[in-house]
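First comes the structure, then the notes that go with it.
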There are 2 protein chains.
Amino acid sequence: MKLSVRGEYALRALIVLGLDYIEDDSVVRIQEISTRQNIPKRFLEQILNDLKSAGLLESKRGIAGGYRLKRPPEKISLAEVIRHIEGPLAPVSCVSERFYEKCSCPNEDKCAIRSVMKEVRDAIVRILEDVTVAQLCERVKTLQGPQTNPLDYII
Amino acid sequence: MKLSVRGEYALRALIVLGLDYIEDDSVVRIQEISTRQNIPKRFLEQILNDLKSAGLLESKRGIAGGYRLKRPPEKISLAEVIRHIEGPLAPVSCVSERFYEKCSCPNEDKCAIRSVMKEVRDAIVRILEDVTVAQLCERVKTLQGPQTNPLDYII
DNA sequence: TATAATCCCGACTGAAAGCATCAAGAATAA
DNA sequence: TTATTCTTGATGCTTTCAGTCGGGATTATA
């Protein structure tokens, strides 16, 4: 598993939306996420749309528009996010559960490399399946302390 | 961490050389590894050369030439191999120990994403640092049973 | 010493992925 | 009606990946 810039941006955006998540229908504008997290706006558009079609976000158009989480942040695991943005978590797709692809070795069940990679996959999944967006937001708060706006991107 | 075809080939080649490893100076030709593992010969050349300059292999030129492990297979971890072929094991290089690169976030120590990725990195490294080429060869033997030539590539 | 087999080295290529940017359209609050 | 926002699809640039190629250096053997 390798996290691309795209995936990192997705997580950063979800942190903003997670911290902002309230039970009513408040939304956050792309523009705001973009400036707060220093993400190219046009690129972020793509990514948020992607997360939306993955069922993670919902949006509202027009002048009071923006994005919000479709589910509470405790119900979104990093595994789910990354799978949608990056594809398989496994180091090789012949050990991936949902992105399985046959590899070139003659007998997968007897492939030694595969057996090691399966262990690696399981270790990765165990962590990412466990950590939710809500927990990620918690980490942000404890790590960054009680600042005015813990998210502001500072260069 | 994502294992490319190149990395997979490297491991497969090392399995051949590991199984073949004897204390005298017997060597295995590229050609043989290529046909036994069904790896494009010209491509394999590159890879073996790469492993050589990484200090993992040594070679002999000329008509009785070939490659062999420079160290006993128990002393070569998969982590070392993959790091040389693929680069960082970590999912993002700002949590990599030997391929560290600063990322774009303002304060790395307080980055929540980073803290999760560090856990992922540690889990990956823990496994790959532990498994050696010798153990990989063992797995081949136990998985594939006592065949005449457990390595032959069969389509 | 000639030769054939082997490793050695760097350049090259075509396809795909990654990181965006852009233009124009659709919805909506004020 | 208008300004602001999301929506969609196309496009462009750069880097990586997988693999090929030509020609050179080395060496066992006859």
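Throughout, protein chains are lettered first and strands after them, A, B, ... in sequence-line order, and every chain is numbered starting at 1.
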Exercise. Walking along DNA chain C from 5' to 3', note the first and the last nucleotide with an atom under 4.0 Å from a heavy atom of chain A, and give both.
Key: C:dC19 to C:dA29

Quiz prompt | N or O in side chain of B:Ser4 less than 4.0 angstrom from D:dA18 OP1/OP2 | solution = yes

Quiz item: Between A:Arg83 and A:Glu129, is the closest basic N to carboxylate O distance under 4.0 Å?
Solution: yes

Quiz item: Counting any heavy atom closer than 4.0 Å, what does B:Lys52 reach on the DNA or RNA strands: base, sugar-phosphate only, or nothing?
Solution: sugar-phosphate

Quiz item: Is atom NZ of A:Lys2 surrounded by more than 12 heavy atoms (other residues, nucleotides or ligands) closer than 6.0 Å?
Solution: yes

Report, one pair per line, the protein and nucleotides 23-27 of chain D atoms (nitrogen or oxygen only) whose separation is under 3.5 Å.
{"residue": "D:dT26", "atom": "O5'", "partner": "B:Arg61", "partner atom": "NH1", "Å": "3.4"}
{"residue": "D:dT26", "atom": "O4'", "partner": "B:Arg61", "partner atom": "NH1", "Å": "2.9"}
{"residue": "D:dT26", "atom": "O2", "partner": "B:Gly62", "partner atom": "N", "Å": "3.4"}

Practice problem: Rounded off to whole Å, could you give me the CD-to-C1' distance for the A:Glu32 and D:dC6 pair? | Solution: 15 Å

Exercise. Answer yes or no: is there an ion pair linking B:Glu80 with B:Arg71, defined by an N-O contact shorter than 4.0 Å?
Key: yes

Quiz item: Checking all strands, does A:Ile30 fall into the base, sugar-phosphate, or nothing category for heavy-atom contacts under 4.0 angstrom?
Solution: sugar-phosphate

Practice problem: Using whole Å, report how far CG of A:Leu51 lies from P of D:dT7. | Solution: 12 Å

Self-check item: Phosphate contact (D:dT20 OP1 or OP2) by B:Lys41 side-chain N/O below 4.0 Å
Solution: no

Self-check item: Check ion pair B:Lys41-B:Glu45 (N to O, under 4.0 angstrom)
Solution: no

Quiz item: Which of these passes side-chain contact (heavy atoms from CB on, under 4.5 Å) with B:Leu89: B:Leu78, B:Ile127, B:Val125?
Solution: B:Val125

Practice problem: Starting from the 5' end of DNA chain C, give me the residue, A:Val5 or B:Val28, whose nearest nucleotide shows up first. | Solution: B:Val28

Practice problem: Find the distance B:Ile47:CD1 to D:dT20:P and express it as a whole number of Å. | Solution: 11 Å

Self-check item: Interatomic distance, A:Phe43 CZ vs D:dT11 C1' [rounded to whole Å]
Solution: 15 Å

Quiz item: CG of B:Leu3 versus C1' of D:dC17: gap in Å, rounded?
Solution: 13 Å

Quiz item: In whole angstroms, how far is the C1' atom of D:dA18 from the CD atom of B:Gln46?
Solution: 9 Å

Quiz item: Does the side chain of B:Leu136 reach to within under 4.5 Å of the side chain of A:Val116, using non-hydrogen atoms?
Solution: yes

Practice problem: Name every residue in residues 82-98 of chain B that has at least one heavy atom under 4.0 Å from any atom of DNA chain D, in order of residue number, or write none if there are no such residues. | Solution: none

Quiz item: Are the charged groups of A:Glu58 and A:Arg68 less than 4.0 angstrom apart, N to O?
Solution: yes

Quiz item: D:dT8 P sits how many Å from A:Asn49 CG, rounded?
Solution: 6 Å

Quiz item: Between B:Glu86 and B:Ser4, is a side-chain hydrogen bond (donor to acceptor under 3.5 Å, both in side chains) present by the stated rule, with each step listed?
Solution: CA-CA 7 Å; B:Glu86 310 273 2; B:Ser4 66; 2.9 Å; yes

